[in-house]
Amino acid sequence: MLDDLLRIEREFNQALDEAGSDPDAVEAIRVRYLGRKAELTGLMKKLGTLSKEERPAAGKAINILKQKVAASLQNAADQAGNARRTARLAQERLDVTLPPRMPWTGTVHPTTHARRELESIFRGLGYTVESGPEVEDDFYNFQALNMPPEHPARDGADTFYLDGGLLLRTHTSPVQIRTMQNRKPPLKMICPGRVYRRDWDATHLPMFHQIEALVVDEGITMGDLKGTMDVVWKRYFGGRVRTRLRPAYFPFVEPGCEYDISCQVCAGDGCRICKQSGWIELGGAGMVHPAVFEAAGVDPELYTGFAFGLGIDRIAMMKYGIDDLRLLMENDTRFLRQFPL
Ligand code: FA5
């Protein structure tokens, strides 16, 4: 029996060496050497076949080996567990010195940004900010603006008509009438907002944004218009911008003009965006027509006023060097994320 115990101990030590720090292998050895079917358990059962004199010494030797095996197994299991934990910790280690991956938070749309900046400039000059409905009727969009039914300027091809004599406003000028109906002069207001036309190309959108301005008081002149525009664009684009007025016809102003700024993409040298002219048209302007004052209930003998309406999308196009207005409508985040605030 003693030979058996020596052999078992040798085999056990060898098996434990081979198991190394693999906890599954250590557990398998525990089952093999201490489990119900273990050879040591078998030897224990065989004690009864030994003589009375041999039995105590043999029983003691078996128990000592069992305790040694149990202690070695406990030791090996602890080491295997530690090794596994250390390996896992090494794998999961965080390098807290790495720069963080910043979440993408979205940006303000360039048109919104341009609108907000313009609003802030006009507020600084004492203007109020008004709004009006996008679904208008014929009176506000055309008639009150000196465009009776047969007037060629209300060319049906440009207008989205709705049922019930309504339409999507084609410009922000109807808000001039609504404001004058509600407030007495002197008044200085702007109205930024969405407008709609049947257009679609690189410089024309079906839904775009205008900013309307109206100033009414005694003694307002074209000089006030030009001076105001110059201040606004110098503040918005910086000192390098040049401005010009060109005579133009709009039924609701007299005299009327178009308002250009030097192209901000090529600094006036001529490029694809300004069609080599060095100038970009931002909108129309002029002195409020007496017929418009009359339609809105303002005395044209007492008051004069100027008005203008500018395309905000075109202004954003200039500010950010965008060469196709349709990009502003497509909501492509690869484009939009180039304009962080
Ligand atoms: C008007 O809409 C007049 N109501 C402006 C006005 C107001 C004149 C007050 C006089 C007094 P016009 O149709 O030119 O004018 O449009 C003004 C500006 O809107 C244009 O110069 C352009 O910058 C912009 N615009 C016009 N159509 C489009 C379009 N389809 N897409 C984007 N911008 C446009």
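Atoms within each ligand, like the ligands themselves, are counted from 1 in listed order. Any value given below was found using the heavy atoms of this structure, including those in side chains, with hydrogens, waters and symmetry copies removed.
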Ligand 1: protein residues within heavy-atom distance under 4.0 Å: His171, Ser173, Gln176, Arg197, Asp199, Thr203, His204, Leu205, Phe208, Gln210, Glu212, Phe250, Phe252, Val253, Glu281, Leu282, Gly283, Gly284, Ala285, Ala307, Phe308, Gly309, Gly311, Arg314, Leu325
Which donor-acceptor pairs under 3.5 Å do the side chains of residues 180-187 make with protein atoms, sequence neighbours left out?
| residue | atom | partner | partner atom | Å |
| --- | --- | --- | --- | --- |
| Gln181 | OE1 | Tyr140 | OH | 2.8 |
| Asn182 | ND2 | Arg178 | O | 3.0 |
| Arg183 | NH1 | Thr128 | OG1 | 3.0 |
| Arg183 | NH1 | Glu130 | OE2 | 2.7 |

Between Lys234 and Thr243, a side-chain donor and acceptor under 3.5 Å: no
Enclosure of Asp163 CG (heavy-atom neighbours >12, cutoff 6.0 Å): no
Minimum side-chain heavy-atom gap Thr228-Val231 below 4.5 Å: no
Gln91, CD atom: more than 12 neighbouring heavy atoms under 6.0 Å: no
Atom CZ of Arg194 with >12 non-hydrogen neighbours under 6.0 angstrom: no
